[in-house]
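Taking it in order: structure first as structure tokens, then the write-up.
Start at 1 and go down the list; that is how both ligands and their atoms are numbered.
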Amino acid sequence: MRRPLPQRGTDWPGLRGQMQSMGEGDVKWRDGKAAVYVFNAGPDVEQVQKEAYALFQSENGLGPVAFPSLKRMEEEVVGFGLTLLHGPEDAAGAITSGGTDSITMAVKAARDFASKARGVAGPLNIVLPRSAHPAFDKACALMEIEVRRTSIRDYLADPAAMSGAADAATVMIVGSAPSFPYGLIDPIGALSDLALARDLWLHVDACVGGYIAPFVRMNGAPVPPFDFELPGVRSISADLHKYGYCAKGASTVFFRSAELRKYMVFDFKDWPGGRMVTPTLAGTRPGGAISAAWAVMNFLGVDGYRAKHALVTQARARIAEGVEALGFTVLGDPQLGILAFTRTDLDCLALWAKLRERGWMTSVTTEPKGLHLMLSPIHAGVATTYLADLKWAMETLAAAAPSLAAPEARYS
Ligand SMILES: *Cc1c(COP(=O)(O)O)cnc(C)c1O
């Protein structure tokens with residue numbers, strides 16, 4: 001819809017007021033009411049994000065020669081990630097604008113590796129479990145690669161099904177650590193074995209897990225190997241703007257070697273503007289996203305991440321226990337920040353809607369129909385309120401329509 005630009009400008013205090021009132025209808029994430037979209041590590045981290053972003057908000061990561069500051073910060077952030085994820089000495093990576101960007105670039109690298117280094121000719125395909133993120137489908141739609149989604153078992157990737165779907169034109173197989181719908185880490189060890197046996201490119205989508213799993217393991221949880229520790233893993237995506245608690249617009253993509261990373265980079269000079277080399281999907285790269293990531297990681301350090309993630313673990317354990325006491329079943333054995341739970345005799349989607357009346361913005365699963373939470377440190381303090389509100393929602397729905405609470409066969 002067309003809208004004329006105001007003829008005269010408005011002063012900043014006036015605009016700030018307008019924007020604040022526009023935000024009044026938004027989910028109250030600062031109070032812990034969002035368990036999707038926002039990762040709330042508290043006001044201390046929020047302040048570092050904001051001030052560090054503002055310091056470099058005009059600088060452009062497209063120009064490493066002009067901004068050696070950003071180049072250095074990116075190298076250090078990538079180095080932190082590679083160390084946390086057991087990258088070999090020669091491993092390499094880049095900061096991207098988000099998980100979708102990281103995944104797109106990993107798919108591009110795997111495709112170019114297949115066609116240039118291995119001579120694989122199209123039509124190409126990738127094989128992924130049903131629970132993998134739609135970002136792979138988007139990347140494959142852009143690149144005209146066929147997506148083969150395979151069935152899952154106990155909410156986890158099934159290596160046998162994936163092996164059956166892979167063939168000579170498979171440029172990538174995918175495992176999630178963890179998957180978004182269930183919060184469970186796929187059997188990456190078995191996928192790594194499959195990748196080695198068949199010489200396949202295994203990508204681990206650790207977008208939501210890459211910056212929490214290593215610390216949860218340090219805190220004592222038995223998180224299985226899922227990263228470059230496994231020799232079949234060739235690339236990993238890990239989002240800084242999720243459990244890295246960095247400002248939005250920041251993810252990382254990693255490759256087992258600098259040689260593999262080369263297949264990601266786009267290098268072009270056949271136009272009148274001179275040679276242009278871009279490692280990721282973006283041209284202009286916001287300096288603020290890079291500087292905020294660098295600052296938050298250095299602000300928290302290993303100890304800070306361990307402490308923040310311990311709160312996430314605490315919230316998850318408390319909520320898992322609470323929902324089980326309310327008759328729900330938690331899907332699988334989640335170890336990180338996401339959990340999904342279901343009760344086949346209740347309408348979980350109606351519960352989700354009811355909870356919105358109490359301000360909760362959460363998510364759902366559809367196979368089976370269930371409730372889904374992606375937890376942040378703030379939730380350790382509001383878990384009890386959530387459980388009380390869930391109980392209220394169940395009672396309210398049961399009182400309004402007793403039939404809804406009946407047949408077991410509803411979703412089966
Ligand atoms: C969030 C997510 C993505 C996509 O990341 P964006 O930053 O939203 O583009 C990919 N995979 C998984 C498992 C995710 O949770």
Side-chain angles (χ1 to χ4, degrees), residues 34-40 49 77 81 85 93-108 110 126 128-142 147 149 152 155-157 172-188 191 202-214 216 223 226-227 233 235-254 280-282 285-286 289-290 292-293 296 309 312 316 331-332 334-340 361-367 372-376:
V36 59
Y37 303 132
V38 178
F39 293 78
N40 185 344
Q49 283 180 355
V77 166
L85 299 172
I95 292 185
T96 72
S97 65
T100 302
D101 191 346
S102 290
I103 286 168
T104 302
M105 297 321 293
V107 171
K108 182 212 178 270
I126 74 171
L128 59 162
R130 179 145 182 78
S131 52
H133 196 277
F136 290 96
D137 301 72
K138 185 188 276 187
C140 288
L142 290 169
V147 180
R149 281 186 178 257
I152 50 180
Y155 311 111
L156 297 171
M172 175 185 272
I173 62 171
V174 176
S176 307
S179 71
F180 178 81
Y182 306 116
L184 304 172
I185 300 176
D186 284 332
I188 310 292
L191 294 180
L202 171 58
H203 178 84
V204 173
D205 182 11
C207 274
V208 73
Y211 292 104
I212 181 170
V216 167
V223 174
F226 68 94
D227 56 26
V233 176
S235 58
I236 300 178
S237 45
D239 291 351
L240 296 161
H241 63 201
K242 288 182 180 159
Y243 284 105
Y245 302 131
C246 300
K248 283 190 173 54
S251 170
T252 40
V253 61
F254 302 115
T280 65
L281 203 53
R285 293 202 293 161
I290 297 170
V296 169
H309 292 324
V312 174
R316 196 202 66 238
L331 304 182
Q335 293 182 304
L336 304 174
I338 291 176
L339 83 161
M361 178 56 75
T362 66
S363 202
V364 296
T365 56
T366 54
E367 301 172 8
H372 178 283
L373 302 173
M374 185 159 65
L375 299 166
S376 294

Taking atom types as modelled, find out whether His372 and Thr365 have a side-chain donor-acceptor pair closer than 3.5 angstrom. no

Practice problem: Specify whether His133 and Phe180 have parallel, tilted or perpendicular ring planes, treating 30° as the upper limit for parallel and 60° as the lower limit for perpendicular. | Solution: perpendicular

Discussion item. Counting only nitrogen or oxygen atoms and a 3.5 angstrom limit, does Asp101 reach ligand 1?
Written reply: no

So the atoms of ligand 1 within less than 4.0 Å of a heavy atom of Phe180 turn out to be 15 (O)

>> Are more than 12 heavy atoms, taken from residues, nucleotides or ligands other than Arg149, located less than 6.0 Å from that residue's CZ atom?
In response: yes

TODO: Tell me, with the steps shown, if Leu336 and Ile185 meet side-chain contact (heavy atoms from CB on, under 4.5 Å).
DONE: CA-CA 9 Å; Leu336 304 174; Ile185 300 176; 3.9 Å; yes

The side-chain hydrogen bond (donor to acceptor under 3.5 Å, both in side chains) partner of Asp205 among Ser237, Ser102, Ser179 is Ser237

Within 4.0 Å of some non-hydrogen atom of Lys242, the atoms of ligand 1 are 1 (C), 2 (C), 3 (C), 4 (C), 5 (O), 14 (C), 15 (O)

In this structure, atom 13 (C) of ligand 1 is nearest to the protein heavy atom Asp205 OD2, 3.3 Å

Q | N or O pair under 3.5 Å between Gly99 and ligand 1 | A | yes

Would you say Ser179 and ligand 1 have an N/O pair spaced under 3.5 Å apart?
no

Checklist entry - Looking at Tyr211 versus His241, is the centre-to-centre ring distance below 6.0 Å? => result no

Per-atom filter on ligand 1: closer than 4.0 angstrom to a heavy atom of Gly98 are 7 (O)

heavy-atom search around atom 9 (O) of ligand 1 in the protein gives Thr100 OG1, 2.6 Å

So for Cys207 against ligand 1, with non-hydrogen atoms under 4.0 Å, the contacting part is side chain

Please state whether the rings of Tyr155 and Tyr182 are parallel, tilted or perpendicular, taking 30° and 60° as the class boundaries.
-> tilted

The atoms of ligand 1 lying under 4.0 Å from a heavy atom of Val208, numbered in the order shown, are 15 (O)

